[in-house]
Amino acid sequence: MFKQLIVKKTGRSYLNGLTTSDLGEPDYTKLLSQHDAYIEALEMCDVAIKILPKSEEFPDSTFVEDTAVLTSEFAVITNPGADSRNGEIKEMEHVLKEFYTDIRYINAPGTLDGGDVLQIDKHFYIGISDRTNEDGANQLKRIVESSGYQATIVPLKKFFHLKSGVSYLGDNLIIAAGEFVDHPDFVQYEKIVVPPEEEYSANCIRVNDFVIFPKGFEKTKKQINDAGYRTIEVDMTEFQKHDGGLSCLSLRF
Ligand code: CIR
């Protein structure tokens, strides 16, 4: 069960943020209404939500997930791998002090984005990507192992972040796309396999009684519903244009 979520409003500078996609320019008005709808979906999940104000200084800062890794006992402030995003952690450290007394840190030269970290019960999977380096992944591994968790480091082949291609629904069930469909590190889980044309939907979040899921990926949605989960769909097109998955818009603990 999650009790608390943190989200952050999207500033106009988002339009100048980082992207590797060729899906076109985001529409700011649509972006804001999609973010509002994301918050409305979370409000249906029986959680408290802290909404941080937008920041024009940090164009990508609406993707709060990359700034921290949270457990029920402690928080880890990351060291985001993109220079333009690194300063986002200052605000998040301040915010997390409201909720945590035990705060740990990923330190340079280690880099780590929260999008590369997937928690499955007491096990953390930590991706090595363009944003998370080996040093950062090893630092997080040591931190979580020292608190009784297990950790596996997973070098990525194609995905932007680990969680771009794999999510956990609970009850030993993952959703996997691309390189994670047959990945040896995930063989022990039941799988919903995402077809290649719906790859973006591998990134979704289970929040208590619901799975929040991106709109427009019917085959995968059906598999989730058939597995017994209720879905709430949110339109993510304007975030997808800047490589943002659904999970990146919140921190959950
Ligand atoms: C970035 O390049 O950092 C942002 N435009 C997208 C971050 C997406 N974050 C995530 O998937 N956890």
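Atoms within a ligand are numbered from 1 in the order they appear, just like the ligands themselves. Small disclaimer: the values here were computed from a predicted structure and weren't measured. Numbers here are sequence positions counted from 1.
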(message) With the threshold set at under 4.0 angstrom, would you say F239 reaches ligand 1 through any of its heavy atoms?
(response) no

(message) For atom 11 (O) of ligand 1, what is the closest protein heavy atom, and at what distance to 0.1 Å?
(response) C248 SG, 2.8 Å

(request) Provide the number and element of each atom of ligand 1 under 4.0 Å from a heavy atom of F63. (result) 4 (C), 5 (N), 6 (C), 7 (C)

(message) Just to confirm my output: which protein heavy-atom neighbour is closest to atom 4 (C) of ligand 1, and how far is it?
(response) D60 OD1, 3.3 Å

(message) Applying salt bridge (charged side-chain N to carboxylate O under 4.0 Å, His left out), can you list everything that pairs with D209, at least two apart in sequence or on another chain?
(response) none

(request) Name all residues meeting the salt bridge (charged side-chain N to carboxylate O under 4.0 Å, His left out) criterion together with E145; count only those two or more places apart in sequence or in a different chain, and write none if there are none. (result) K141

(message) Heavy atoms only: which of R131, K241, R85 lies closest to atom 2 (O) of ligand 1?
(response) R131

(request) Can you label the angle between the F253 ring and the F99 ring as parallel, tilted or perpendicular, going by 30° and 60°? (result) perpendicular

(message) If the threshold is 4.0 Å, N to carboxylate O, is there a salt bridge linking E93 and K97?
(response) yes

(request) Name the closest protein heavy atom to atom 6 (C) of ligand 1, giving the residue it belongs to and the distance to 0.1 Å. (result) H242 O, 3.3 Å

(message) With a 4.0 Å cut-off on N to O distance, would you call D243 and R131 a salt bridge?
(response) no

(message) Students should be able to answer this: which protein heavy-atom is nearest to atom 9 (N) of ligand 1, and at what distance?
(response) D66 OD2, 2.8 Å

